[in-house]
Asker: 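After the structure tokens below, expect a handful of questions from me.
Each chain gets a letter, A, B and so on, in the order the sequences are listed, and its residues count up from 1.
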Number of protein chains: 2
Amino acid sequence: MRSYRQYCGLARALDVVGDRWTLLIIRELLIRGSSRYTDLRDGLPGIATNLLADRLNELEQAGLIQRSVASAGAALYELTPRGKELEDVIAALGRWAAPLMGRRSRGDAVRGHWLALPVQLYLADGAPNEPPVTLELRATGDSEPVTVEAANGAVRARPGRATLPDLVLAGPPEAIMSVLMGRVEIGAARRAGLQATGEPAVLQRLQRRAPNQ
Amino acid sequence: MRSYRQYCGLARALDVVGDRWTLLIIRELLIRGSSRYTDLRDGLPGIATNLLADRLNELEQAGLIQRSVASAGAALYELTPRGKELEDVIAALGRWAAPLMGRRSRGDAVRGHWLALPVQLYLADGAPNEPPVTLELRATGDSEPVTVEAANGAVRARPGRATLPDLVLAGPPEAIMSVLMGRVEIGAARRAGLQATGEPAVLQRLQRRAPNQ
DNA sequence: CCGGATCCGGGTTGATACTG
DNA sequence: CAGTATCAACCCGGATCCGG
């Protein structure tokens, strides 16, 4: 991207991350941790492969990602500490977007692991002294679930299956999203196609007191 | 901009504000409040006039800005409440950009009122019970200063001249920036070309306890 | 002068094909 | 698997023009 050539923090930030696709690449690396080229491409439906390669080079130049070589010779990409600091930016954008997440337009791509983003925004461990609990989220149309673990006051979300989850939420991603954000009760969400198997009380523990939107 | 067509909050947000220049236009409206077309163009050096017109239309469509007509028949643009909510996003980007604000490259445009952004990020009223104080910032190369007022625990920054400021900081914008961010003492900044006239203690009151960067 | 609209050249993006 | 190469379509920047 051409630089804005303005001595202003916002303009400087956008010179680095304002390009199309750039912040979405950071999103992928934040959620998945270190990733291979093909993983990134799968998590960024619609991106052209040459653009992904270009952006990865630019991000490496800018010091936001690091390229390493796995044992099998496959290239691996992961965020540097400086790149991880963009988490606050992405969180702010994600929070601002909450009112835009009502209904899913047909044709919109879905990836289960994207649910890790709202999890970090809207969930917290409300009972730090209780034993850990595990929640699994399964978006319809995606084979890869997200596992949410609450323990010692912290909530972590990661792509992948849980072993012995206390609660599993499966259904359309917008229904899962509504429940996570606290806009809908879990009972009402069943009518929107949500299936909940396990211990529903897990949700009470995880939901923040002040519901968002 | 083409939609990313992803059911993900970040992608939805970028569908609306991810276009080139869009967030910088929001910056202008946040700092200046309601603005005329020409004011916006002056505050966005480098923008093509047709792009500004296009973006203003898109932003109005998206419900982020509102067009009104002033008494003299001049068009006025201002943020809607929804548009103002982007302040958190811009703050996050501005904070992330702090390490990028070291030196000014030659050719970089400067506008004095852009200093209002770091003011909001790095200053606070540390003495709510004292009488109000006023600080004026004058960036070299720009005729329009910024006025900072601290009163009752709140700090406001607005473009324009102050009446009877308690302290005036004038000099290269990067020197003013360094002092605001707490990276440099006001004495050391004099060597970088900063002129301080008035009551330096004003700065102690305004600087946050934990210095940024 | 204000508030744009129009036109054009060049750079960026997107889709697909191809390669080590 | 991990990208390059190619090319058309679109977007951006700069200049010009135009009605109040």
Side-chain angles (χ1 to χ4, degrees), chain A residues 1-6 11 14-26 28-29 32 34-62 65-78 107-109 144, chain B residues 1-6 11 14-26 28-29 32 34-62 65-78 107-109 143:
Chain A
M1 172 184 280
R2 275 180 72 121
S3 166
Y4 287 109
R5 308 203 128 271
Q6 298 185 358
L14 293 174
D15 281 346
V16 182
V17 299
D19 257 326
R20 191 158 165 77
W21 290 108
T22 300
L23 278 178
L24 295 183
I25 293 171
I26 306 280
E28 286 302 304
L29 291 168
R32 308 178 82 120
S34 116
S35 313
R36 293 185 306 181
Y37 188 88
T38 337
D39 296 333
L40 291 174
R41 213 178 40 189
D42 289 348
L44 295 163
I47 198 173
T49 170
N50 57 342
L51 263 191
L52 177 53
D54 285 357
R55 292 291 180 272
L56 289 173
N57 284 324
E58 295 165 8
L59 286 171
E60 192 180 13
Q61 286 284 330
I65 70 174
Q66 213 170 3
R67 195 182 306 243
S68 67
V69 182
S71 53
L76 278 183
Y77 299 90
E78 66 186 315
D108 275 9
E144 172 109 333
Chain B
M1 170 183 283
R2 275 181 71 128
S3 167
Y4 287 107
R5 309 201 128 271
Q6 298 184 358
L14 292 174
D15 281 346
V16 181
V17 300
D19 257 327
R20 190 159 166 77
W21 291 107
T22 299
L23 279 178
L24 295 183
I25 293 172
I26 306 280
E28 286 302 303
L29 291 169
R32 309 177 82 121
S34 114
S35 314
R36 294 187 307 179
Y37 188 87
T38 336
D39 296 332
L40 292 174
R41 214 179 39 191
D42 289 348
L44 296 163
I47 198 173
T49 169
N50 58 341
L51 265 192
L52 178 54
D54 284 356
R55 292 291 179 270
L56 289 173
N57 284 325
E58 294 165 7
L59 286 171
E60 192 181 13
Q61 287 283 330
I65 71 174
Q66 213 169 3
R67 196 181 305 245
S68 67
V69 182
S71 53
L76 279 183
Y77 300 89
E78 66 186 316
D108 275 9
S143 56

Asker: What is the distance, to the nearest angstrom, from the CZ atom on A/R20 to the P atom on D/dC11?
Answerer: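 Atom-to-atom, A/R20 to D/dC11, this comes out as 10 Å.
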Asker: Calculate the interatomic distance between B/D54 atom CG and D/dC12 atom C1'; express it in whole Å.
Answerer: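 To the nearest whole Å, that distance equals 10 Å.
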Asker: For a quick check, with a 4.0 angstrom heavy-atom cut-off, what is the B/S/- contact string for nucleotides 5-10 of chain D, read 5' to 3'?
Answerer: BB----
Asker: Walk along DNA chain C from 5' to 3' and tell me the first and last nucleotide with an atom closer than 4.0 Å to a non-hydrogen atom of chain A.
Answerer: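 Contact span on the strand: C/dT13 to C/dA17.
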Asker: I would like to know whether A/Y77 and A/S68 meet side-chain hydrogen bond (donor to acceptor under 3.5 Å, both in side chains); could you show each step before the answer?
Answerer: CA-CA 6 Å; A/Y77 299 90; A/S68 67; over 6 Å; no
Asker: What residues form a side chain to side chain contact (heavy atoms under 4.5 Å, CB included) with A/D15, not counting sequence neighbours?
Answerer: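 Testing A/D15 for side chain to side chain contact (heavy atoms under 4.5 Å, CB included), a comparison that skips the adjacent residues, returns A/S3, A/Y4.
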Asker: With sequence neighbours excluded, give me every salt bridge (Lys or Arg N to Asp or Glu O under 4.0 Å) pair touching residues 35-46 of chain A.
Answerer: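 Output for this query lists A/R36-A/D39.
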Asker: So, OP1 or OP2 of D/dG3: does either fall under 4.0 Å of a side-chain N or O from A/R36?
Answerer: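 For D/dG3, neither OP1 nor OP2 has a side-chain N or O of A/R36 closer than 4.0 Å.
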Asker: Do the side chains of B/L40 and B/L29 get nearer than 4.5 Å, heavy atoms only?
Answerer: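 The answer is yes, as the side chains (C-beta and beyond) meet within the 4.5 Å cut-off.
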Asker: Tell me the bend of the helix from C/dC1-D/dG20 to C/dG20-D/dC1 as the angle between end helix axes, each from five pairs, rounded to the nearest 10 degrees.
Answerer: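 Rounded to the nearest 10 degrees, the bend comes out at 20°.
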Asker: Considering non-hydrogen atoms only, spot the tightest contact between B/P45 and A/Q6 and give its length.
Answerer: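 Looking at all heavy atoms of both residues, the closest pair is O-NE2, 3.4 Å.
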Asker: With the threshold set at under 4.0 Å for non-hydrogen atoms, list the residues of residues 37-45 of chain B touching DNA chain D in residue-number order.
Answerer: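 Under 4.0 Å from DNA chain D: no residue of residues 37-45 of chain B.
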Asker: Nearest nucleotide by nearest heavy atom, which residue falls closer to the 5' end of DNA chain D, A/Y77 or B/A48?
Answerer: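 The 5'-side residue here is A/Y77.
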Asker: Indicate the atoms forming the closest heavy-atom contact of B/W21 with B/L51, along with that distance.
Answerer: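 Closest pair (atom of B/W21, atom of B/L51, distance): CD1-CD1, 3.8 Å.
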Asker: So, taking the atom named CD in A/E28 and the one named CG in A/L52, what distance separates them when rounded to the nearest 0.5 Å?
Answerer: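 Answer rounded to 0.5 Å: 10.0 Å.
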Asker: Under the side-chain contact (heavy atoms from CB on, under 4.5 Å) criterion, do A/L14 and A/M1 qualify, and how do the steps go?
Answerer: CA-CA 9 Å; A/L14 293 174; A/M1 172 184 280; 5.7 Å; no
Asker: Hey, does the side chain of B/R20 reach the backbone of A/R2 with a donor-acceptor pair shorter than 3.5 angstrom?
Answerer: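 Side chain of B/R20 to backbone of A/R2, a donor-acceptor pair under 3.5 Å: yes, one is there.
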Asker: Give the minimum heavy-atom separation between A/G43 and A/R32, together with the two atoms involved.
Answerer: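 Closest approach of A/G43 to A/R32, heavy atoms only: CA-NH1, 4.3 Å.
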Asker: Quick one: are A/N57 and A/R67 in side-chain contact, heavy atoms under 4.5 Å?
Answerer: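 In short, these two side chains touch, coming nearer than 4.5 Å.
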Asker: On DNA chain C, does the nearest nucleotide to B/A75 precede the nearest nucleotide to A/G46 from the 5' side, or the other way round? Give the residue.
Answerer: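 Result of the comparison: B/A75.
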Asker: Please say which of A/D19, A/V16, A/I25 ends up in a side chain to side chain contact (heavy atoms under 4.5 Å, CB included) with A/L59.
Answerer: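 It is A/I25, the one option of A/D19, A/V16, A/I25 that forms the side chain to side chain contact (heavy atoms under 4.5 Å, CB included) with A/L59.
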Asker: Contact between A/L76 and A/Q66 at the side-chain level, heavy atoms closer than 4.5 Å - yes or no?
Answerer: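 In short, these two side chains do not touch, never coming nearer than 4.5 Å.
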